[in-house]
Amino acid sequence: MLEINNLRVGYGGTPVLRGVSLTVKSGELVAVVGPNGAGKTTLFNAISGIVPATGGTVRFAARDLLAVAPSGRPHLGIAHVPEGRQVFPSLTVSENLEMGAYTAAGRGAWQHNLDRIHAWFPVLAERGGQLAGTLSGGEQQMLAIGRGLASAPRLLMLDEPSMGLAPAVADAIFERIVEIHRTTKLSVLLVEQRVAEALHFAHRAYVLETGRVILEGDHETLRHDDRIRAAYLGM
Ligand code: ATP
């Protein structure tokens, strides 16, 4: 579904991604983990086109994604839920969800998707008329995920959904992501700092350090890898 080969991205001549290769198969939940500044957000921004690639290829659903304008990529089925949530604070919860449904697929499936989003995140139904900027951090994260789902994507990209949230709130959101993935079979690409949880739930994971994939594998292999245990799992 998503096939990235030797992707290079830099800012003002400074390389940030130095030849990253990664794949997500249809229906997989894949995690990208790594320390601050490794380039995880930059990777997502290059996939959605917020930053241009300087080399390499990205194929999505058999298309050359880098040849598609950034504004066209959501219409191919890519939903990017950005770091820090970035909901529209002065719009209501319902209006934010509607904004997500601007793709043809999202418009066509709007009522069905809205019912599902409300079932996964009942608080979004209860607070439909409330301004998004007045929601708690956890509720805003649920709204950001709901807005992404409203576009009826084939690939959901989640950038650090647990960021800045209390552990119990982050756990609840993480469990919901797994449930959404299990029931929809949507492909999910997740950037996550909670490495233990990411490796528990993801089928496969990539470890990104200073712009390079230094390790990749299925979750069992990585959870037992000495380097992962020492650097990320505190063992
Ligand atoms: P974090 O978990 O802290 O968000 P990350 O792995 O997502 O880290 P990125 O945000 O992709 O890392 O940043 C990778 C590197 O690129 C960092 O050194 C960062 O300072 C740099 N960088 C990111 N965005 C820009 C930008 N717009 N202009 C210049 N440098 C940038």
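Only this structure's heavy atoms are used, side chains among them; waters, hydrogens and symmetry mates stay out. Both counts, for ligands and for their atoms, begin at 1 and track the order of listing.
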*asked:* Could you go through Arg85 and Asp159, starting from their C-alpha distance and side-chain angles, then the distance that decides it, and tell me whether this counts as salt bridge (Lys or Arg N to Asp or Glu O under 4.0 Å)?
replied: CA-CA 9 Å; Arg85 320 190 249 277; Asp159 194 346; over 6 Å; no
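Atom 3 (O) of ligand 1 has as its closest protein heavy atom Asn36 OD1, 3.2 Å. Atom 13 (O) of ligand 1 has as its closest protein heavy atom Thr42 OG1, 3.8 Å. In terms of protein heavy-atom proximity, atom 27 (N) of ligand 1 is nearest to Tyr11 CE2, 3.6 Å.
Residue Pro35 has at least one heavy-atom neighbour below 4.0 Å for each of these atoms of ligand 1: 6 (O). The ligand atoms of ligand 1 that sit less than 4.0 angstrom from a heavy atom of Gln193 are 2 (O).
Heavy atoms of other residues, nucleotides or ligands lying less than 6.0 angstrom from CZ of Arg127 number 12 at most. Residue Arg154 places its CZ atom among 12 or fewer non-hydrogen atoms of other residues, nucleotides or ligands, all under 6.0 Å distant.
Minimum interatomic distance between Pro74 and Pro70 (heavy atoms only, all atoms of both residues): CD-O, 3.3 Å. Nearest approach of Lys40 to Val32, heavy atoms of both residues: CD-O, 4.0 Å.
Contact check on Arg223 versus Glu220 returns a salt bridge, with a Lys/Arg side-chain nitrogen under 4.0 Å from an Asp/Glu carboxylate oxygen.
The proximity of Val16 to ligand 1, defined as any non-hydrogen pair under 4.0 Å, is limited to the side chain.
Leu135 pairs in a side-chain contact (heavy atoms from CB on, under 4.5 Å) with only one of the listed residues (Val93, Asn96, Val87), which is Val93.
Atom 11 (O) of ligand 1 is flagged as protein-proximal [any protein heavy atom, distance under 4.0 Å]. The protein does not reach atom 19 (C) of ligand 1 closely, with no heavy atom under 4.0 angstrom from it.
Under a 4.0 Å heavy-atom criterion, Gly37 is in contact with ligand 1.
Comparing Leu208, Ile50, Thr41 against atom 7 (O) of ligand 1, the shortest heavy-atom distance belongs to Thr41. If you check each of Glu160, Met163, Glu83 against atom 2 (O) of ligand 1, the one with the closest non-hydrogen atom is Glu160.
Ring to ring, His224 and His219 are not that close: their centroids are 6.0 angstrom or more apart.
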